[in-house]
Amino acid sequence: MEVVIMTGGKGMRMAPYTKVLPKGLLPVGEQPILEIIVKQLRNYGFTSITMACGYLSGLIQTYFGDGSSRGVSISYYVENEPLGTVGPIKLIGRRPGPFLLINCDVLTTLDFARFRDFHIKGGSILTIASQKKGIPIELGVLETQDEYVTNFVEKPTRSAYVSMGIYMMNPEVAEYIPSHQYFDIPDLIHALLAANEKVRHFENNDFWLDIGRPSDYTLANEQFGKLKSLLLPGEPV
């Protein structure tokens, strides 16, 4: 089973940590977040890994090598210019079958094998791992009918499905990605929907943390010790 890990960004929101290390090599507990992800992927049978690198790519390649010491095979695609969160897929080369794409800053207990099976059985070109989150609105919200106010809600919380930064894709998604052009996941989703392709989502309630800001990084280190037995079963707690 194949996977592409997107680890090319500069992680500007994580400065100053990312001035020295790429985001994927920032330690959570006593090991880099990418190390945790690679171990999880191996445990779920994803042993053919491509890392799409850019910023400080040499450090990542030196750290992981060919992956053999970790029981996986790792290859690298190094972008010469930023291509966004899905742009490198066009240039990496067509995958032989459905593959997992994951961002390098995700800490989760998601069952990747169950996610893959859900995608394959559903017949969609793209499946997005999702969770339902409450989104607070720090304003007074009017509920209206025409020009009349029917209710007033002070600082409500609305619910919405959000992407976890983890996707299952069929190889033909590459047909919708332009070559040598910055292209993000939202751009791909819009292109697929405009072409009437099926896009599904896989709702789950597993632990998930997107390490996008220093406060998230602090939380990840706080939670890792508590969740290590779930994140990396079999390793000493």
OG1 on T85 to CG on D187, rounded to 0.5 Å: 7.5 Å
Distance, nearest 0.5 Å, that separates CZ of R70 from CD1 of I49: 10.0 Å
[X] side chain to [Y] backbone, donor-acceptor under 3.5 Å:
{"X": "T50", "Y": "V4", "answer": "no"}
{"X": "R200", "Y": "F118", "answer": "yes"}
{"X": "D146", "Y": "Y148", "answer": "no"}

Tell me whether V162 is reachable from I128 by hopping between hydrophobic residues (I, L, V, M, F, W, Y) whose side-chain heavy atoms are closer than 4.5 Å. no
Treating Ile, Leu, Val, Met, Phe, Trp and Tyr as nodes and any side-chain heavy-atom pair under 4.5 angstrom as an edge, say whether L34 and L56 lie in one connected cluster. yes
Measure across [X] and [Y] and return the closest heavy-atom pair with its distance rounded to 0.1 Å.
{"X": "L83", "Y": "Y77", "value": "CD1-OH, 4.0 Å"}
{"X": "G97", "Y": "P171", "value": "O-CG, 3.5 Å"}
{"X": "E35", "Y": "F64", "value": "N-CZ, 3.7 Å"}
{"X": "L21", "Y": "Y55", "value": "O-CE2, 4.4 Å"}
{"X": "G140", "Y": "E154", "value": "CA-OE1, 3.8 Å"}
{"X": "V78", "Y": "S57", "value": "CG1-OG, 3.6 Å"}

Does CZ in R213 sit with more than 12 non-hydrogen atoms of other residues, nucleotides or ligands closer than 6.0 Å? no
Count the heavy atoms of every other residue, nucleotide or ligand shown that sit under 6.0 Å from CG of N80, and state whether that count exceeds 12.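 No - once you tally the heavy atoms of other residues, nucleotides and ligands closer than 6.0 Å, there are 12 at most.
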Using ring-ring contact (aromatic ring centres under 6.0 Å, His included) as the criterion, list what pairs up with Y217, not counting sequence neighbours. Y17
Hey, is R114 close enough to D117 for a salt bridge, meaning N to O under 4.0 Å?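 Result for this pair is no, no salt bridge flagged.
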